[in-house]
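This report concerns only the one structure given below.
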Amino acid sequence: MKRTLSLAIFSLLIAAGLAPSRVNAEKPNFVVIFCDDLGYGDLGCFGHPSIRTPHLDRMAVEGQRWTNFYVGASVCTPSRAALLTGRLPVRNGMMSARRRVLFPDSKGGLQKSEVTIAECLKAVGYATAAVGKWHLGHLPPCLPTYQGFEYYYGVPYSNDMWIDPANKLADDIVIRSGLTRADLEKGHKKRNWVPLFRGEEVIEYPADQNTLTKRYTEEAIRFINADKDKPFFLYLPHTMVHLPLAVSKAFAGRTGRLIWDAIEEVDWSVGEILGAVRKAGIADETLVIFTSDNGAAVGSSLPLRAKKGSVYDGGIREPTVMWWPGQIPAGKTCREVAATIDLLPTLAGLCGGKLPERKIDGLDIWPLMSGRAGAKSPHEFYVLMHGPGTVRSGKWKFYPWKEGRSGRRREKQPANPSPEPVQLYDTVADIGEKNNLAGANADLTRRLQAAYTAHVEEIKKNRRPTAAMPRKKNASSAQRPSQGKKKPNPKKNPKKKNAAAN
Ligand code: MG
């Protein structure tokens with residue numbers, strides 16, 4: 001057996017109020033399961049009354065729920081960049097002013113010189129794999145295999161996008177729907193038809209989305225079993241529950257709502273992963289973290305305000321569960337503020353990994369994870385520049401803009417917005433962020449405004465561009481399929497509700 005204190009010693013330490021400070025000289029396995037567009041209120045263990053998530057509920061009973069856990073942005077690409085690099089998306093170049101996420105015709109991606117969790121861990125002997133949605137660049141040099149992942153299997157961006165004809169097709173590619181290899185090489189494209197990759201090649205087109213959750217799970221378990229005798233890092237960013245929703249036969253029609261079916265299948269997947277870890281006999285040396293990239297698109301972010309795309313809590317505060325028998329105290333809830341940017345320094349700290357030399361924004365949250373008495377959030381101010389911006393500090397959430405002016409068209413605005421020029425909410429007394437207390441807390445508001453301004457000035461000085469993704473000469477255009485075509489008459493063809501493209 002690799003590493004770690006025994007459960008008995010751990011229990012004694014906890015009883016004595018002494019959580020382990022560090023698992024020195026050990027190399028635990030790390031599994032990060034990153035759901036897509038799952039809302040704060042979408043799990044049984046976070047209060048959903050109907051969706052059945054028994055595996056995540058059990059994970060929470062055996063592990064730790066985090067109720068103030070944030071992501072780095074309220075949409076896919078910058079949120080993923082933040083998790084993997086420990087750096088806020090403006091700093092790491094993955095927050096574009098023009099487009100909020102990458103598309104198949106984007107010309108850039110994550111800089112190769114950014115240091116990801118995978119690179120950090122690989123350098124100290126870890127086997128690394130990414131299984132699922134990448135969305136940080138779909139051509140070399142931006143693919144997972146250039147960012148520390150030895151193995152990649154998945155869809156390179158959101159499942160409502162299309163194929164880029166510049167992608168390399170595998171010799172044994174499976175092509176569905178009556179298409180031929182020549183069709184793809186000539187530049188065929190269609191919305192919601194996405195490629196499935198293994199390594200750097202397309203192995204299936206269009207990807208059968210109904211079986212993606214199931215196949216990601218099988219790939220992940222294969223990796224766990226193959227690498228259980230050495231330390232491993234598995235990054236499992238699910239394609240679900242991003243639109244268009246799809247489920248395998250076993251989950252279709254279970255609840256009467258496709259979004260609920262899809263969440264239940266993700267929960268099944270978590271159960272399979274934890275089951276594989278237990279079966280391999282490595283539960284006491286494996287840390288598993290479950291969270292999501294941004295708030296609900298279709299599901300529920302309740303009781304939080306707003307959903308995906310917003311910097312109100314419903315867009316960026318995620319249902320998070322951490323599990324590590326014998327190291328993370330069971331059945332506890334951590335209410336301190338932490339974020340996905342903290343994973344890189346925390347995981348690196350747990351295995352003796354070297355932190356990147358460039359500045360990172362994340363901080364070590366092991367004292368909170370291990371339940372150390374009196375441990376507090378390391379973030380005095382958690383600041384996001386995404387959209388119109390926000391600051392979380394202790395229980396306070398500050399917005400340097402007037403209510404009703406978020407600039408987000410889809411966001412439901414209150415009937416009577418506060419007249420204050422900025423917003424301040426007490427997230428403990430008012431979790432739904434309804435009562436603007438800015439007027440009654442002038443000093444605090446000034447301090448939070450100053451923190452926001454200082455952050456923006458610093459990060460703007462240190463921001464970097466996205467990496468260029470050179471395309472092959474003469475490659476067909478990757479522009480979105482609808483471009484350049486005659487617009488249909490909306491009266492003759494009532495437009496279907498469009499899938500969210502981020
Ligand atoms: Mg997302």
Side-chain angles (χ1 to χ4, degrees), residues 32-43 46 69-85 88-89 92 94-96 99-104 106 109-110 130-138 144 154-162 191-192 194 207 209 212-213 216 235-247 258-259 262-263 265-267 269-270 289-302 304 306-320 339-341 343 384 386-387 408 410-411 497-502:
V32 175
I33 305 173
F34 206 36
C35 203
D36 196 345
D37 295 3
L38 185 80
Y40 189 85
D42 274 334
L43 305 180
F46 277 77
F69 197 82
Y70 285 88
V71 285
S74 65
V75 291
C76 298
T77 295
S79 176
R80 282 148 210 275
L83 180 144
L84 285 175
T85 64
L88 288 168
N92 64 24
M94 293 309 288
M95 181 94 83
S96 154
R99 280 177 161 181
R100 301 184 328 149
V101 301
L102 297 179
F103 283 81
S106 294
L110 185 66
V131 176
K133 170 174 169 177
W134 177 241
H135 216 177
L136 295 171
H138 65 283
V155 172
Y157 33 63
S158 291
N159 54 330
D160 62 343
M161 295 184 176
W162 57 93
R191 281 298 289 263
N192 294 351
V194 287
Q209 297 204 27
L212 274 185
T213 301
Y216 286 172
Y235 173 53
L236 175 52
H238 277 290
T239 285
M240 291 297 121
V241 292
H242 190 286
L243 290 168
L245 297 167
V247 293
L258 189 51
I259 177 67
I263 292 169
E265 188 163 21
V266 168
D267 176 71
S269 172
V270 171
I289 296 169
F290 177 93
T291 189
S292 176
D293 67 336
N294 51 252
V298 186
S300 168
S301 284
L302 289 174
L304 307 180
K307 290 176 122 181
K308 172 180 180 173
S310 173
V311 285
Y312 286 119
D313 269 3
I316 56 172
R317 185 166 150 188
E318 297 304 318
T320 302
T340 48
I341 51 171
L343 297 186
L384 287 186
H386 193 181
R408 176 147 173 81
R410 281 190 289 175
E411 197 159 287
K497 201 176 174 194
N498 223 350
N502 42 34

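Atoms within each ligand, like the ligands themselves, are counted from 1 in listed order.
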Is it the case that the side chain of His386 and the backbone of Ser74 share a donor-acceptor pair, with hydrogens and angles ignored and the cut-off at 3.5 Å?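 Indeed, once roles are kept as given, a pair shorter than 3.5 Å links the two residues.
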
Report yes or no: does His138 contribute a side-chain atom to a donor-acceptor pair with the main-chain N or O of Pro104 at less than 3.5 Å?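 Yes; judged by distance alone, with no hydrogens or angles, the pair exists.
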
Which angle, to the nearest 10 degrees, do you find at the Mg ion (ligand 1) between SG in Cys76 and OD1 in Asp36?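 Taking the Mg ion (ligand 1) as the apex, the two atoms subtend 100°.
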
Pair Asp36 + Lys308, salt bridge at N-O below 4.0 Å: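 Between Lys308 and Asp36 there is no salt bridge, as every charged N stays at least 4.0 Å from the carboxylate O atoms.
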
Minimum-distance N/O/S atom that Asp293 presents toward the Mg ion (ligand 1):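 The Mg ion (ligand 1) is closest to the Asp293 atom OD2, counting only N, O or S.
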
Nearest to the Mg ion (ligand 1) - the N/O/S atom of Asp37, by atom name: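 The nearest such atom is OD1.
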
Run the ring pair (Phe, Tyr, Trp, His ring centres under 6.0 Å) test against Phe34 and tell me which residues pass, sequence neighbours left out.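 Testing Phe34 for ring pair (Phe, Tyr, Trp, His ring centres under 6.0 Å), a comparison that skips the adjacent residues, returns none.
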
Answer yes or no as to whether an N/O/S atom of Asn294 is found below 2.8 Å from the Mg ion (ligand 1).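 Yes, Asn294 qualifies, because one of its backbone or side-chain N, O or S atoms lies under 2.8 Å.
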
